[in-house]
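Remarks on the structure that follows.
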Amino acid sequence: MMLVLFFCIGLVAYMCWEAHRNRIVNVHVAFSDFPKSFRALTIFFISDIHRRRVSKKIIEQAQEKADIVVIGGDLTEKGVPLARTKENIRRLKQIAPTYFVWGNNDYEADYERLDALLRQEGIHVLDNRAVTLRSKEGEKVALIGIDDVSKRKARLDSALFGVEEEAFRIIACHNPEIKRKIRPAHRIALVLSGHTHGGQIRLGRFGIKEKGGLKQMKQTVLFISNGYGTRRIPLRFGAPAEANLITIECKAEDAPRA
């Protein structure tokens, strides 16, 4: 009986540790049509922070490595003090210029106060709109922010309006289900998302949601992060907490396609 008790205590302790890990997972993806003059674009991507405090350790690891930061939704949730969210924002923007897309739990917090805070702190809120990043040579990468899918706020066509034809296109959307709205004509190279927590608690290959990572879709390449925080219970198993450094490069013509 005591062995069972110790095992249960140890398992819960391990699950708590996995839920509060501070690790950066590096992701590399290459496309033949990525603008060569950028050489590489590195994005610090963090989603599903929820109730966590972003560790200074994470910030220190990412500084001078990322060109931009993308907060992929669920920055907060109902009941999280606004002061904690503000501190998280201020830490993240130390890394690089910061962009934000809405997640479903962000809307369950005080939406107006959060929106005001983001803009006050100089965060670029991409609510169904895009920004263009330019190299010194004038080549373009479009970062296209799509609002939350589950709240029926996603407007892909609106976000694409005005995106220059020749721009390399990246979508940031909290919910990976945005993939169902993407068509070949949209020419989306990469989608960055979270929301699923990688299933949060998994037994081997089995989980409520699939584990995060790169997925080759028919129309695009989809990246799903396991996320940094948790929902409901602060425990993880088989899908440890993560933030990501995503490096996008131009691949050699004779290399296999991403």
*For Ile178, what are the other residues in its hydrophobic cluster, where any two members join if their side-chain heavy atoms are less than 4.5 angstrom apart?*
Ile144, Ile146, Val149, Leu156, Leu160, Val163, Ile171, Ile182, Ile188, Val191, Met217, Leu222, Ile224
_Residues which pass side-chain hydrogen bond (donor to acceptor under 3.5 Å, both in side chains) with Asn104, listed by chain and number, not counting sequence neighbours_ = His174, His195
*Under 3.5 Å, side chain of Gln200 to main-chain N/O of Leu235, donor-acceptor pair present?*
yes
*State which residues pass side-chain contact (heavy atoms from CB on, under 4.5 Å) with Ala109; sequence neighbours excluded, sorted by chain then number.*
Thr76
_Pairs satisfying salt bridge (charged side-chain N to carboxylate O under 4.0 Å, His left out), at least one member in residues 15-31, at least two apart_ = Arg23-Glu242
Indicate every side-chain donor-acceptor pair of residues 62-70 with a distance under 3.5 Å to a residue at least two apart or in another chain.
| residue | atom | partner | partner atom | Å |
| --- | --- | --- | --- | --- |
| Lys65 | NZ | Gln61 | O | 3.2 |
| Asp67 | OD2 | Thr42 | N | 2.8 |

*Sequence neighbours excluded - ring-ring contact (aromatic ring centres under 6.0 Å, His included) pairs with any residue from residues 127-170*: Phe31-Phe168, Phe34-Phe168
*Hey, what's the ring geometry for Trp17 with Tyr14, parallel, tilted or perpendicular (30° and 60° as the breaks)?*
tilted
_Exam field: side chain Thr98 to backbone Ala96, donor-acceptor pair closer than 3.5 Å_ = yes
*Got a sec, which pairs hit ring-ring contact (aromatic ring centres under 6.0 Å, His included) with one end in residues 118-144, sequence neighbours left out?*
Tyr99-His124
_Partner residues of Arg180 under the side-chain hydrogen bond (donor to acceptor under 3.5 Å, both in side chains) criterion, sequence neighbours left out_ = Glu177
*Which pairs pass salt bridge (charged side-chain N to carboxylate O under 4.0 Å, His left out) with one or both residues in residues 47-60, sequence neighbours excluded?*
Arg51-Glu77
_Enumerate the salt bridge (charged side-chain N to carboxylate O under 4.0 Å, His left out) contacts for residues 137-160, please, sequence neighbours excluded, ordered by first and then second residue._
Glu108-Lys151, Lys140-Glu164, Lys140-Glu166
*Can you list every pair that meets ring-ring contact (aromatic ring centres under 6.0 Å, His included) and has a residue in residues 47-85, with sequence neighbours left out?*
His50-His197
*What residue pairs, at least two apart or across chains, pass salt bridge (charged side-chain N to carboxylate O under 4.0 Å, His left out) with a residue in residues 90-105?*
Glu87-Arg91, Arg90-Glu121, Lys93-Glu121
